[in-house]
Amino acid sequence: MSMRWIIPFAALLCSGLAHADSPSVPDTLQQRIAACTTCHGVHGEGSPASGFFPRLAGKPAGYLSLQMQNFQRGLRKYAPMEYTVRLLTPAYMHEIAAYFAAQQVPYERKPIPPLAPSTLQRGEQLITTGDPSRKIPPCQACHGKQLTGTEPSVPGLVGLPYDYISSQLGSWRTGTRASAAPDCMAQIANRLAPADITAVSAWLASQHVPADTHPQAAGSITPPLRCGVLQAPRGGA
Amino acid sequence: MKPQRRLRMFIVLLVIALGGGWWLSQHHRAQPTSQEDPAIAAMLTEPGVIARGRYLVTAGDCASCHTARGSQAFAGGRMLPTPFGTISAPNLTPDRTTGIGNWHFNDFWRALHEGIGRQGELLYPAFSYTSFTKVTRDDAIAIFAYLRSLPAVRQANAASGLRFPYNMRSVLTIWRAMYFKPGVYQAQPSQSASWNRGAYLVEGLGHCNECHGQRDAWGGLESRAALSGGQIPEQDWYAPDLSTHANGGLHGWSKQDIVDVLKAGQSAKGAAVGPMADVIASSTQYLHDDDLQAIADYLLSLPARMPPAPVHASFDNQSLIDRGNAVYAKRCADCHGKNGEGVPGIYPPLDGNVSVVEPTGINATRAVLLGGFPPVTAGNPRPYSMPPYAQQLSDADVAAVVTYIRHAWSNRAPAVHERDVATYRHTPIN
């Protein structure tokens with residue numbers, strides 16, 4: 001081999017070595033969103049130890065995107081989330097939402113507090129038939145027959161931990177979680193008695209997750225209340 | 001402050017306020033102008049003027065204060081926290097009852113240039129007329145034209161929550177005498193056109209010194225050391241020194257580094273955090289390249305600074321640093337590198353990073369606690385992010401790792417204490 005060939009080859013080798021020196025950072029969305037996955041899990045499975053950081057995996061992309069926008073607008077209040085998403089563009093939020101919506105990871109059952117059977121019965125009643133005397137529609141009416149949510153923006157309720165569901169219902173009542181007006185979920189949460197929140201959360205958290213956790217198709221529900229979040233174009237608010 | 005001194009200061013202030021009030025009543029009975037000057041009226045509807053105004057309003061980042069979160073742009077309502085109480089930013093849309101629909105250009109000019117409201121009232125300098133006074137009359141006409149072109153939003157201005165005696169506007173008489181000199185920017189003939197343009201943008205419309213300057217106890221800016229860095233009151237962030245020379249905050253930054261961070265939110269030397277990330281996202285990323293180059297030309301001319309007091313590592317600090325080194329190896333080194341070198345364009349270096357070594361340690365502490373994304377810009381639409389460690393690290397661990405990075409490699413900045421971390425952990429983020 002003549003020198004003419006050796007020099008470029010050596011140069012190539014050196015540049016390759018210099019390259020190998022700097023750590024290679026994967027050019028993936030997963031690598032980019034460490035700010036999200038550190039609490040919600042790499043596949044959006046939620047925090048294993050506590051029920052506080054909710055599962056994101058498999059929730060409708062429109063719903064996840066909308067929640068980030070609600071944190072930006074101050075409709076949902078939780079300082080670390082508000083800070084993290086405050087500068088994200090709609091395009092980037094959509095990409096992140098689509099990532100978590102596409103994740104399929106098994107649900108992990110979390111313990112529920114010991115409760116009287118009558119409490120669980122009340123929970124089941126509210127979820128399947130509602131309470132017409134208090135104008136509370138059944139949860140299934142919007143969140144789907146299987147409670148796996150409805151495209152594009154109604155979240156599933158099965159598989160969520162007791163602590164998370166009850167704290168979210170509390171947040172709707174105190175206004176630290178809100179949605180576009182008319183805010184039907186805030187109205188419903190305010191019609192629930194405190195004991196109803198326990199009942200609903202416990203029954204939901206005690207249910208087996210169906211084999212197919214995909215949300216119901218868009219347009220398959222007739223909301224019993226006027227909901228801003230369901231009226232806006234593309235499920236946005 | 002001793003009670004006696006406090007009382008004396010209070011009396012002095014009161015006398016000044018009452019005197020100022022009297023003086024005002026004699027001199028400032030300015031009435032709103034009743035008719036628009038026809039020459040100006042013609043300019044206000046010209047599409048070219050409105051477009052230029054839109055650009056200038058972006059450069060001045062007016063929307064960021066004059067828009068409440070989740071509300072309509074420029075309709076006001078954001079409450080600005082100051083050490084003297086909160087001030088509400090007013091509605092700038094052309095609504096006739098709640099906005100500036102009845103204003104004429106002269107009213108606007110007097111507010112922007114002199115800090116005097118439409119009814120002759122003295123304006124609080126949370127509205128940065130100390131900087132905006134340098135804006136030219138032509139640019140002010142364009143800005144006013146753009147604001148007049150916005151859709152009118154009916155939203156009444158919220159009441160401010162200033163404490164006594166600051167809620168009396170007459171106290172501003174003395175404040176203005178001490179800290180405010182009205183005057184349009186005067187070009188320096190010895191400097192290039194680009195430098196002068198940069199100076200105009202930085203000192204005037206961009207009002208950079210309002211955060212990047214040091215304030216005294218009365219909220220006035222120290223005029224001797226412009227852009228030498230300052231703690232942002234109430235927000236708990238530190239706006240660093242902008243000198244690129246010896247002992248400057250941006251020591252070693254090239255012209256391209258400055259342009260990169262303003263355009264994309266990130267340069268080879270670091271990424272913007274805190275309020276600067278917002279400024280980049282809503283303002284500087286949209287500036288034309290020649291304006292960004294001009295800003296860089298001007299910043300490159302800021303003088304070298306005095307060396308900071310040397311930091312002696314005490315015995316206590318050494319154990320803190322060792323603990324921090326262990327946290328660093330476990331949590332930070334994967335991305336920022338063993339030697340704090342970062343990964344170009346992806347993870348900022350920590351060695352020599354101004355947000356790490358700024359005097360207070362606030363920025364690094366809060367970056368560790370909050371993590372998050374650098375600005376999402378057209379130049380960096382899908383940035384890499386950092387995990388928030390507030391949930392995973394104790395105050396002691398955060399203090400240790402921040403003290404470590406402030407002391408590692410070429411960095412030599414004072415330690416951060418556990419009690420400071422506890423404070424910043426609870427700083428409201430908005």
Side-chain angles (χ1 to χ4, degrees), chain A residues 18-19 21-42 46-50 52-53 66 68-96 98-99 175 178-181 236-237, chain B residues 67-72 77-78 265 271-282 285 331 333-339 341-347 349 366-367 369-378 380-393 425-430:
Chain A
H19 219 75
D21 234 21
S22 65
S24 69
V25 180
D27 183 8
T28 60
L29 186 69
Q30 189 184 315
Q31 179 72 23
R32 289 168 192 268
I33 58 174
C36 314
T37 55
T38 190
C39 294
H40 292 284
V42 167
S47 58
S50 77
F52 192 64
F53 300 113
L66 186 59
M68 287 188 260
Q69 288 173 42
N70 285 350
F71 279 118
Q72 285 185 334
R73 294 173 184 145
L75 285 173
R76 281 191 78 165
K77 292 191 169 58
Y78 178 61
M81 270 304 294
E82 291 169 70
Y83 181 84
T84 304
V85 302
R86 78 194 200 291
L87 292 175
L88 299 181
T89 55
Y92 203 17
M93 285 192 286
H94 188 79
E95 190 187 351
I96 294 169
Y99 168 84
S179 198
Chain B
T67 308
R69 210 165 142 212
S71 299
Q72 302 219 53
R78 180 169 172 190
V273 293
M276 192 61 204
D278 298 73
V279 172
I280 289 163
S282 58
Q285 70 156 317
R331 310 272 189 172
D334 273 358
C335 293
H336 293 289
K338 266 188 293 200
N339 300 310
E341 70 276 20
V343 181
I346 296 180
Y347 298 121
R366 296 197 70 194
L369 290 169
L370 293 163
F373 291 83
V376 184
T377 57
N380 193 18
R382 301 163 72 235
Y384 288 79
S385 63
M386 166 166 167
Y389 285 102
Q391 282 85 9
Q392 299 175 41
L393 294 179
R425 196 185 272 278
H426 300 292
T427 303
I429 57 125
N430 203 32

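Since this is a predicted model, take the numbers as computed values, not measurements. Below, chains carry the letters A, B, ... as their sequence lines are ordered, and counting in each starts from 1. Because only heavy atoms are used, hydrogens play no part in the values below, and waters and symmetry mates are left out as well, while side chains stay in.
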Quiz item: Distance from A/Asp27 atom CG to B/Ile346 atom CD1, nearest 0.5 Å?
Solution: 7.5 Å
Exercise. Check each atom of B/Pro381 against the heavy atoms of chain A and say whether the ones under 4.5 Å are side chain, backbone, both or neither.
Key: backbone
Quiz prompt | Between CZ on residue B/Phe373 and CG on residue A/Leu88, distance to nearest 0.5 Å | solution = 5.0 Å
Quiz item: What part of B/Ala281 lies closer than 4.5 angstrom to a heavy atom of chain A: side chain, backbone, both or neither?
Solution: side chain
Quiz prompt | Pairing residues for A/Gln31 by the side chain to side chain donor-acceptor pair (under 3.5 Å) criterion, not counting sequence neighbours | solution = B/Tyr347
Quiz item: Shortest non-hydrogen contact from B/Gly274 to A/Arg86?
Solution: O-NH2, 3.1 Å
Practice problem: Measure distances from A/Tyr92 to the heavy atoms of chain B and classify the residue's part below 4.5 Å as side chain, backbone, both or neither. | Solution: side chain
Exercise. Pick whichever of A/Ala34, A/Pro80, A/Cys36 has the most heavy-atom pairs under 4.5 Å with chain B.
Key: A/Ala34
Practice problem: Drop me the distance from A/Thr84's OG1 to B/Met386's CE, to the nearest 0.5 angstrom. | Solution: 11.0 Å
Quiz item: Closest heavy-atom contact between B/Pro388 and A/Ala35?
Solution: CD-O, 3.6 Å
Self-check item: All side chain to side chain donor-acceptor pair (under 3.5 Å) counterparts of A/Glu95, not counting sequence neighbours
Solution: B/Arg382
Quiz item: Are B/Gln391 and A/Thr38 close enough that some pair of their side-chain heavy atoms sits under 4.5 Å apart?
Solution: no
Quiz item: Looking at B/Gly70, B/Pro375, B/Pro387, which one has more heavy-atom pairs under 4.5 Å with chain A than the rest?
Solution: B/Pro387
